[in-house]
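The figures here come from the full heavy-atom set of this structure, side chains too, leaving out hydrogens, waters and symmetry mates.
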Amino acid sequence: MKKIFLMLLMCVTVIFAAEIKWEKEYSAAIAKSKAAQKPLMFIVSNHHCRFCVQFETTTLKNPKVVQKLNADFISAIVYIDENPLFPRQLNVPGTPGTWFLKSDGEPMYQPVMGAVESEQFLNALDMVKQEYKKSAASK
């Protein structure tokens with residue numbers, strides 16, 4: 001009985017312990033992106049936005065999304081209702097806005113807007129990772 005309980009406890013811990021490793025400041029995220037040679041996913045969010053809350057509680061809690069982000073990206077999030085200090089060119093007309101940036105802070109694409117579903121987001125992450133590798137190899 002103890003073994004079953006311990007196994008169950010370990011499974012629950014692994015499932016709920018999976019969190020995105022967030023950088024809270026843009027400059028720290030850029031520095032970490034350069035050092036790790038990984039693209040930066042930068043989200044502009046708002047605590048009072050229902051689509052932001054939906055995105056954060058569904059897609060960004062999906063274990064596959066969390067694993068991929070932690071393995072292949074540097075992740076940063078800013079809340080415009082709390083800490084509006086980030087480059088002006090990354091301002092978005094609504095929230096959430098998800099930017100994918102090169103290590104120098106240059107946007108790879110236009111921002112992905114809204115609460116994107118997990119499978120679509122995973123496809124976007126794969127595309128960004130491949131493009132980032134291609135651009136790094138061509139330097």
Greater than 12 external heavy atoms within 6.0 Å of Gln37's CD: no
Contacts of type side chain to side chain donor-acceptor pair (under 3.5 Å), residue Tyr132, not counting sequence neighbours: Ser103
Heavy-atom side-chain proximity of Val44 to Ile80 below 4.5 angstrom: yes
Minimal non-hydrogen separation, Leu90 against Pro107, with atom names: CD2-CG, 4.2 Å
Separation between CD of Glu117 and CG of Asn123, rounded to the nearest 0.5 Å: 12.0 Å
Salt-bridge contact Asp126-Lys68 (side-chain N to carboxylate O under 4.0 Å): yes
Separation of Cys49 SG from Glu56 CD (nearest 0.5 Å): 8.5 Å
Any Pro111 side-chain heavy atom under 4.5 Å of Val92 side chain: yes
Rounded distance (nearest 0.5 Å) linking atom CE of Met41 with atom OG1 of Thr98: 6.5 Å
Gln110 atom CD, over 12 foreign heavy atoms within 6.0 Å: no
Criterion side-chain contact (heavy atoms from CB on, under 4.5 Å) against Glu23, the qualifying member of Leu40, Ile74, Ile77: Ile74
Close side-chain approach of Phe100 to Glu131, heavy-atom, < 4.5 Å: no
Heavy-atom pair with the smallest gap, counting every atom of Val65 and Ser118: CG2-O, 4.2 Å
Side-chain heavy atoms of Ile20 within contact of Phe73, under 4.5 Å: no
Side-chain touch Asn70/Val66, heavy atoms, less than 4.5 angstrom: yes
Residue pairs passing the ring pair (Phe, Tyr, Trp, His ring centres under 6.0 Å) test where at least one lies in residues 36-62, sequence neighbours excluded: Tyr26-Phe42, Phe42-Phe86, His47-Tyr79, Phe55-Phe121
Separation between CD1 of Ile43 and OG of Ser75, rounded to the nearest 0.5 Å: 7.0 Å
Thr95 and Asn46 side chains, donor-acceptor separation under 3.5 Å: no
Residue among Lys133, Lys129, Lys38 satisfying side-chain contact (heavy atoms from CB on, under 4.5 Å) with Asp72: Lys129
Side chain Ser33, main chain Ala29, donor-acceptor under 3.5 Å: no
Nearest heavy-atom neighbours spanning Ser45 and Asp81: O-OD1, 4.4 Å
Distance in Å, Glu106 CD paired with Met108 CE, rounded so as to fall on 0.5 Å steps: 11.0 Å
Pairwise side-chain contact, Gln67 with Pro63, heavy-atom cut-off 4.5 Å (strictly under): no
Glu119 vs Leu122 side-chain heavy atoms within contact, under 4.5 Å: yes
Over all atoms of both residues, closest heavy-atom pair of Gln54 and Ala115: CD-CB, 4.0 Å
Transitive ILVMFWY side-chain link Met113 to Leu101, under 4.5 Å: yes
